Number of protein chains: 2
Amino acid sequence: MGKKVIDRRIQRTRQLLQEALLALILEKGYDAVTIQDVIDRANVGRSTFYAHFQDKEDLFLSDFETLRAQFEQHLLSQPATDEGPWSLSLMMFQHAQSQHRLYKALAGKQGGNVMLAHIHKYLAALLREHLKSSGKRKGLVPPDVLAHYLVSSFMALLTWWLDNDLPYPAERMNDMYRQLTEPGVMAVIGDS
Amino acid sequence: MGKKVIDRRIQRTRQLLQEALLALILEKGYDAVTIQDVIDRANVGRSTFYAHFQDKEDLFLSDFETLRAQFEQHLLSQPATDEGPWSLSLMMFQHAQSQHRLYKALAGKQGGNVMLAHIHKYLAALLREHLKSSGKRKGLVPPDVLAHYLVSSFMALLTWWLDNDLPYPAERMNDMYRQLTEPGVMAVIGDS
DNA sequence: TACAAATAGAACATCGTGTTCGGAAACATA
DNA sequence: TATGTTTCCGAACACGATGTTCTATTTGTA
């Protein structure tokens with residue numbers, strides 16, 4: 001049985017659709033892209049699209065999975081210098097720099113609501129583990145709010161950076177993020 | 001000519017539509033609400049809707065205008081204790097508390113992208129004036145990034161607060177916001 | 001060649017959008 | 001009350017996007 005080759009054919013179709021969507025998002029923004037646009041751009045039949053994905057959001061999320069998998073591989077390839085959430089943010093800035101087209105389509109203004117919500121959720125989960133190991137807190141700011149704040153402000157800098165076409169290197173962006181957030185966080189959780 | 005009374009009829013129709021949209025947003029979220037839903041809820045004819053508003057977003061923005069007008073009146077009614085952006089944020093937390101239904105529909109998760117983008121833009125403009133008067137900065141973080149950061153982290157706390165049904169009083173939320181952001185901001189712009 | 005998997009695309013039903021238009025209702029004026 | 005004007009209602013319509021179904025075709029395998 002030639003399963004391998006057939007799989008390749010399927011993979012190729014999926015990839016054509018994914019890339020067509022990314023290109024169209026960068027051109028028109030997520031909301032304005034229709035399924036018709038995507039299958040025209042990808043030269044894929046209508047029924048073929050629905051054989052692979054449920055709807056536009058499903059295709060979009062498959063792009064996110066690609067991103068997430070790449071990022072976690074990037075995480076593993078780096079030495080674990082654990083200095084709180086800011087080592088994590090640095091890796092993400094760096095990864096965004098190396099994949100800025102993908103990031104811009106997904107996390108930029110054009111990407112719309114769906115993806116930002118997913119990235120936010122994903123990062124909040126990653127962050128929770130970092131925060132758990134941190135020392136006792138003074139109870140002024142609930143950990144829930146703290147996590148929400150850290151993720152949101154990071155995403156703010158990231159999307160600003162992407163929408164402005166990366167005017168600074170990743171390390172500089174992370175320094176800004178750290179300088180802005182670290183003093184406040186330290187004052188709130190108390191350095192251990 | 002009975003212009004006044006006729007105007008009142010128009011105003012009433014607009015208000016019916018605005019309130020119907022707000023209620024539906026709280027129930028289903030902005031994206032899921034169709035124009036058909038709105039005019040059914042408001043008992044307004046289809047053509048009447050299009051006589052008043054261009055489309056769903058237009059109606060949505062008219063709700064935002066209501067909010068903005070109310071907020072600016074709230075601003076004027078308060079004594080101007082100028083301690084940077086945090087007096088502004090406090091007033092907004094307070095105003096959100098007194099109008100939480102409206103705020104939750106517009107700035108909560110349900111409100112979607114459109115409104116958040118508008119509020120963000122509006123706040124960034126307000127903030128720019130506050131930042132201008134602030135002292136010299138050390139140039140580590142560009143003012144553009146700083147403004148983006150301050151607005152985004154404020155919105156993060158605000159939307160978290162609204163989506164969790166106001167578990168703390170406005171003053172407490174503003175304290176959190178201030179404690180988280182003030183140290184970093186001071187370190188970056190240098191206190192004057 | 002024979003066979004199976006994957007694709008193309010036409011046809012279709014469905015739904016939401018935005019426009020048009022004739023008649024009904026509300027309101028003002030006299 | 002009678003009349004004219006403004007506003008509203010809702011049906012009918014054209015349009016475009018969605019998602020499904022079906023048949024024919026292509027591609028790759030044995």
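If you're wondering where the values come from, they're calculated on a predicted model, not measured in any experiment. In what follows, chains carry the letters A, B, and so on, assigned in the order in which the sequence lines appear, proteins first and then strands, with residues in each chain numbered from 1. When reading the values below, keep in mind they use all heavy atoms of this one structure, side chains included, and skip hydrogens, waters and symmetry mates.
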Discussion item. Taking any heavy-atom pair under 4.0 Å as a contact, classify A/Asn43: base, sugar-phosphate, or nothing.
Written reply: sugar-phosphate
Worksheet item: Between A/His52 and C/dA6, does any side-chain N or O lie under 4.0 Å from OP1 or OP2?
Response: no
Worksheet item: Any luck finding a side-chain donor-acceptor pair between A/Glu171 and A/Gln94 under 3.5 Å?
Response: yes
Practice prompt. Round to the nearest Å and state the distance from A/Phe53 atom CZ to D/dT18 atom P.
Written response: 15 Å
Worksheet, complete the sentence: note: B/Asp31, atom CG; C/dG16, atom P; distance rounded to Å ~ 14 Å
For nucleotides 18-21 of chain C, which of its nitrogen or oxygen atoms have a protein nitrogen or oxygen under 3.5 Å away, and what is each distance?
unit_1	atom_1	unit_2	atom_2	d
C/dG18	OP2	B/Tyr50	OH	3.2
C/dG18	N7	B/Arg46	NE	3.3
C/dG18	N7	B/Arg46	NH2	3.0

Item to complete: Please confirm whether A/Trp160 and B/Tyr149 have ring centers closer than 6.0 angstrom.
Response: no
Discussion item. Determine whether the aromatic ring centres of residues A/Phe154 and A/Phe93 are separated by less than 6.0 angstrom.
Written reply: yes
Discussion item. Distance check needed: D/dT7 P versus B/Asp7 CG, whole Å only.
Written reply: 8 Å
Worksheet item: Crowded around B/Gln54 CD? As in, over 12 foreign heavy atoms under 6.0 Å?
Response: no
Fill in: 5′-ward residue of the pair B/Val44/A/Thr34 relative to DNA chain D
B/Val44
Item to complete: May I have the distance from A/Arg14 (atom CZ) to C/dT7 (atom C1'), rounded to whole angstrom?
Response: 15 Å
Practice prompt. Round to a whole Å and report the spacing from CD of A/Gln11 to C1' of C/dT7.
Written response: 16 Å
Worksheet item: Quick one: B/Arg9 CZ to D/dC8 C1', roughly how many Å, whole number?
Response: 7 Å
Worksheet, complete the sentence: From CG of B/Asp58 across to C1' of C/dT17 the rounded distance in Å is 15 Å
Practice prompt. Assess whether atom NZ of A/Lys56 is packed by more than 12 heavy atoms of other residues, nucleotides or ligands within 6.0 Å.
Written response: yes
Fill in: Modelled atom types, side-chain donor and acceptor of A/Thr13 and A/His52, under 3.5 Å
no
Practice prompt. Count the heavy atoms belonging to other residues, nucleotides or ligands that lie under 6.0 Å from NE2 of A/His100, then report whether that count exceeds 12.
Written response: no
Worksheet item: CZ of B/Arg8 versus P of D/dT6: gap in Å, rounded?
Response: 18 Å
